[in-house]
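Keep in mind that what you see is a predicted model, and the values were worked out from it rather than measured. These numbers come from the heavy atoms of this one structure, side chains and all, not from hydrogens, waters or symmetry mates.
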Amino acid sequence: MKKILILMAVSTSIASLGQSQKATPLKYPKTAKGETVDVYFDTKVSDPYRWLEDDKSEETAAWVKEENKVTYDYLAQIPFRNALKSRLEKLWNYEKISAPFKEGNFIYYHKNNGLQNQSVLYRKDAKGKEEVFLDPNTFSKLGTTSLGSVDFSEDGSKVAYSISEGGSDWRKVILMDVNSFKQLEDTLVDIKFSSIAWKANEGFYYSSYDKPKGSQLSAKTDQHKLYYHKLGTPQKEDKVIFGADQKRRYVGGSVTEDNRYLVITAANSTYGNELYIQDLTKPNSPIVTIVDNFKSDSNILDNEGSKLFIETDLNAPNKRIVSVDFSNPKPENWKNVIPETENVLTPTTGAGFIFANYMKDAVSIVKQYDYSGKLLREIQLPGLGTASGFGSKKTEKTLYYSFTNYITPGTIYSFEPKSGKSAVYAKPKVDFKSEDFVSTQVFYTSKDGTKIPMIITHKKGLKLDGKNPTILYGYGGFNISLTPSFAVSNAVWMENGGIYAVANLRGGGEYGKKWHDAGTKMQKQNVFNDFIAAAEYLIAKKYTSSDFLAIRGGSNGGLLVGATMTQRPDLMKVALPAVGVMDMLRYHTFTSGAGWAFDYGTSADSKEMFEYIKGYSPVANVKSGTKYPATMVTTGDHDDRVVPAHSFKFAAELQEKQAGPNPVLIRIDINAGHGAGKSLAATIQENCDIQAFTLYNMGFTTLPTLTNP
């Protein structure tokens with residue numbers, strides 16, 4: 001690999017940073033302050049930037065424009081920004097291909113030639129002739145319309161595919177004949193948080209909310225419904241199957257592979273669901289209740305005739321698989337097929353087998369079982385990392401899975417389920433020398449004595465002198481696990497001598513339900529303590545120091561960064577909160593935010609909960625006279641999941657109250673949402689700006705590299 005980076009000593013880079021940058025403070029746009037005051041249990045809380053919640057106002061639009069001008073003018077002065085972007089583009093410019101899947105008479109797969117904004121869906125016929133099936137790069141001139149789910153009818157002759165415009169969670173669904181490419185009927189609109197579940201070739205089930213009054217981007221949506229769309233009929237005639245009389249915030253529908261059953265899940269929060277089933281072979285059959293409460297997560301994995309296989313954490317915090325007959329499916333009749341183990345289970349089915357993907361200290365172990373629960377083999381994976389896939393129809397003879405870790409680009413393997421043999425199917429040709437880097441898992445101690453795992457990745461030969469630029473990444477919520485995966489942006493960061501550290505905080509799913517619960521509601525502070533302890537570990541072991549540490553996280557991880565930097569502003573040099581939940585007193589009043597209450601609780605629950613939430617809410621805890629780290633908040637103006645007002649208000653508070661010389665910027669993507677479907681060009685530019693901002697504020701004026709072997 002040709003070196004394009006400039007060798008330099010850290011001490012030289014700090015000395016060469018002009019004093020003029022620190023001596024001339026940034027001039028931020030003037031953000032007007034209103035008089036809004038809310039009362040929570042007799043406590044008055046002012047909200048001077050409430051007006052920024054109005055995403056339809058001209059004043060908010062003008063503020064966004066002015067803030068972006070300050071931000072991009074600042075970024076433009078960074079001398080190595082263009083070189084960094086060039087390296088990101090070069091490294092990202094490789095062919096990416098997905099595992100193939102068969103539908104009807106064709107084999108389909110996604111492919112990106114290198115720097116295409118959106119991956120293209122291709123197909124091959126029986127003779128191996130390749131053609132483009134769906135190219136989302138043609139959906140809009142700016143590349144801001146992305147392809148969502150793609151679901152085929154039972155015989156593969158028809159497809160329903162969803163699109164997102166400007167990153168919105170609201171989707172449109174288009175029906176097309178796969179042979180003629182002709183659209184079959186009018187586009188379905190206003191669909192949100194939904195899969196498409198075909199009932200044979202007749203029609204399909206989907207979920208959505210009633211269109212909210214006021215802003216579509218921020219108004220509350222909290223009654224989800226499951227609909228059935230019969231082909232050839234207008235959407236206004238679609239029948240509500242579930243949710244009209246039973247108000248639920250999240251409702252999903254799926255159909256078993258044999259088209260025998262409709263499975264319905266219903267929930268009011270991001271954890272815990274009711275489970276229902278309906279026999280589709282009998283017209284007007286009743287919807288049968290399997291689980292009638294929200295105390296567990298349960299879903300039907302597969303069926304063999306009337307025998308149902310259910311994955312559940314009911315009486316099994318790390319999950320198990322049980323079986324039960326449709327005739328009497330209540331939990332008291334469940335029988336273990338694969339019992340709970342000490343490791344968290346995520347199962348899939350393919351080719352008539354069950355693949356149990358276990359997570360041990362955030363890395364994968366995969367075991368293959370038959371439907372009686374007999375262990376057939378443990379799959380020999382290429383190394384320690386994350387394996388995913390193995391899912392397919394029962395008729396398939398060959399399965400596919402991917403494997404990746406922080407230094408191994410995602411490689412697709414074919415798998416023969418009868419012999420257990422794996423073979424490389426598609427290995428990406430990335431201009432990155434994995435052998436020059438190393439990932440090490442450590443366990444550090446949090447404030448209350450809990451051991452927390454963290455994986456630290458960097459170039460081999462790292463000198464532990466406390467001067468290595470480091471990004472500490474975390475999430476810590478919603479039962480989501482951070483497992484090792486390769487990212488081009490992180491590869492470039494590490495090429496430049498940086499350390500990338502990922503802490504597996506409580507609130508995530510790495511160790512099952514107990515680990516998740518330990519970071520929720522009145523225990524949310526555990527998550528921030530775990531993150532702070534991770535930073536302190538990296539500093540104590542001289543991987544880095546506060547002058548060279550950046551903290552980063554998105555969405556719930558944005559909250560993590562916001563809370564950490566307001567509680568310990570001395571701990572890091574740079575803070576990078578992305579699309580964060582920053583106003584914890586009001587998050588539940590926007591879009592589907594009320595559904596996050598299992599993790600957070602709400603300010604309306606009780607005085608105790610209000611005071612607890614107020615104690616860590618980033619917007620409520622920015623204090624005048626405090627020296628905050630260099631901060632770049634990132635969000636999208638069309639984010640309708642975590643509305644951008646969270647980031648707007650947090651940035652305004654920081655800009656008003658920052659006492660130190662460090663810049664506080666907000667970078668607002670236009671026509672972009674929470675992150676899904678973002679064009680590759682926009683992704684590269686965002687990562688370039690984040691890394692450039694980070695290094696520049698650590699004192700670098702050129703791209704650093706390690707000075708030791």
Side-chain angles (χ1 to χ4, degrees), residues 22 25-26 28 67 70-71 74-75 78 469-477 489 493 498-503 505 527-536 538-539 544-584 616-635 642 644 646-668 686-687 689-700:
K22 293 187 177 181
L26 282 171
Y28 302 114
E67 287 285 351
V70 172
T71 296
Y74 179 93
L75 293 170
I78 299 176
T470 299
I471 291 177
L472 171 61
Y473 185 87
Y475 187 80
S489 57
W493 174 259
I499 295 172
Y500 184 68
V502 178
L505 316 172
V527 185
F528 313 138
N529 291 343
D530 292 353
F531 203 48
I532 290 167
E536 292 175 334
L538 293 168
I539 293 168
T544 191
S545 63
S546 292
D547 286 335
F548 297 97
L549 176 64
I551 58 172
R552 186 177 182 185
S555 196
N556 175 73
L559 163 63
L560 171 70
V561 172
T564 301
M565 66 178 283
T566 50
Q567 292 182 17
R568 286 291 306 276
D570 61 304
L571 192 58
M572 74 295 299
K573 182 63 179 178
V574 178
L576 302 165
V579 294
V581 191
M582 300 302 196
D583 187 349
M584 296 304 298
Y616 72 78
S617 176
V619 167
N621 284 280
V622 180
K623 296 179 174 60
S624 295
T626 302
K627 294 180 180 179
Y628 290 103
T631 303
M632 187 160 74
V633 180
T634 53
T635 189
V642 180
H646 284 282
S647 295
F648 294 174
K649 292 163 76 172
F650 186 56
E653 290 281 354
L654 284 170
Q655 288 178 353
E656 179 199 358
K657 297 174 180 176
Q658 169 70 299
N662 295 320
V664 173
L665 304 178
I666 181 166
R667 185 186 184 280
I668 306 159
E686 181 181 53
N687 279 284
D689 290 347
I690 287 171
Q691 291 190 27
F693 177 85
T694 300
L695 290 169
Y696 191 56
N697 280 282
M698 289 176 177
F700 296 96

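Considering every non-hydrogen atom in both Leu576 and Ala550, the closest pair reads CD1-CB, 4.4 Å. Between Tyr473 and Gly554, the closest heavy-atom pair is OH-N, 4.2 Å. Summarising the geometry of Ala503 relative to Ala534, their closest heavy-atom pair is CB-CB, 4.0 Å, with the distance given to 0.1 Å. Of all non-hydrogen atoms in Gln655 and Leu665, the two that sit nearest each other are NE2-CA, 4.5 Å. When all heavy atoms of Gln658 and Thr626 are compared, the closest pair comes out as OE1-O, 3.2 Å. Shown here for Arg667 and Thr71, the closest heavy-atom pair between the two residues is CB-CG2, 4.0 Å.
Considering Gln567, Arg568, Lys573 as possible partners of Leu571, the one that fulfils the side chain to side chain contact (heavy atoms under 4.5 Å, CB included) test is Arg568. Of the listed residues (Leu472, Thr631, Thr564, Asp547), just one forms a side chain to side chain contact (heavy atoms under 4.5 Å, CB included) with Met572, and that residue is Thr564.
We find the OG1-CZ distance between Thr694 and Arg552 to be 7.5 Å, quoted to the nearest 0.5 Å. To the nearest 0.5 angstrom, Leu549 atom CG is 7.0 Å from Leu538 atom CG. The distance from the OG1 atom of Thr635 to the CZ atom of Phe650 is 13.0 Å, given to the nearest 0.5 Å.
Counting heavy atoms from C-beta on, the side chains of Leu559 and Val527 never come closer than 4.5 Å. When side chains are defined from C-beta on, Val574 does not count as touching Pro629, because their heavy atoms never get closer than 4.5 Å. For the pair Trp493 and Leu695, the minimum side-chain heavy-atom distance is below 4.5 Å. Met632 has its side chain out of reach of Asn697: every pair of non-hydrogen atoms, C-beta onward, lies at least 4.5 Å apart. Considering only heavy atoms from C-beta on, Tyr628 comes within 4.5 Å of Thr566 through its side chain. Looking only at side-chain heavy atoms (C-beta outward), Asp570 and Ser546 stay at 4.5 Å or farther from each other.
Although no hydrogens or angles enter the test, the distance criterion places a donor-acceptor pair under 3.5 Å between the side chain of Gln691 and the main chain of Ser489.
Scanning for salt bridge (charged side-chain N to carboxylate O under 4.0 Å, His left out) contacts around Lys623 gives an empty result, with sequence neighbours left out.
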Steps toward side-chain contact (heavy atoms from CB on, under 4.5 Å) verdict (Ile668, Phe648)
CA-CA 9 Å; Ile668 306 159; Phe648 294 174; 3.7 Å; yes
With side-chain contact (heavy atoms from CB on, under 4.5 Å) as the test, would you mind laying out the steps for Leu654 and Met565 before giving the verdict?
CA-CA 11 Å; Leu654 284 170; Met565 66 178 283; 3.9 Å; yes
Let me see the working for Thr634 and Asp689 under side-chain contact (heavy atoms from CB on, under 4.5 Å), right down to the final yes or no.
CA-CA 10 Å; Thr634 53; Asp689 290 347; over 6 Å; no
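A perpendicular orientation is assigned to the rings of Tyr696 and Tyr74, their planes being inclined by more than 60° (bins at 30° and 60°).
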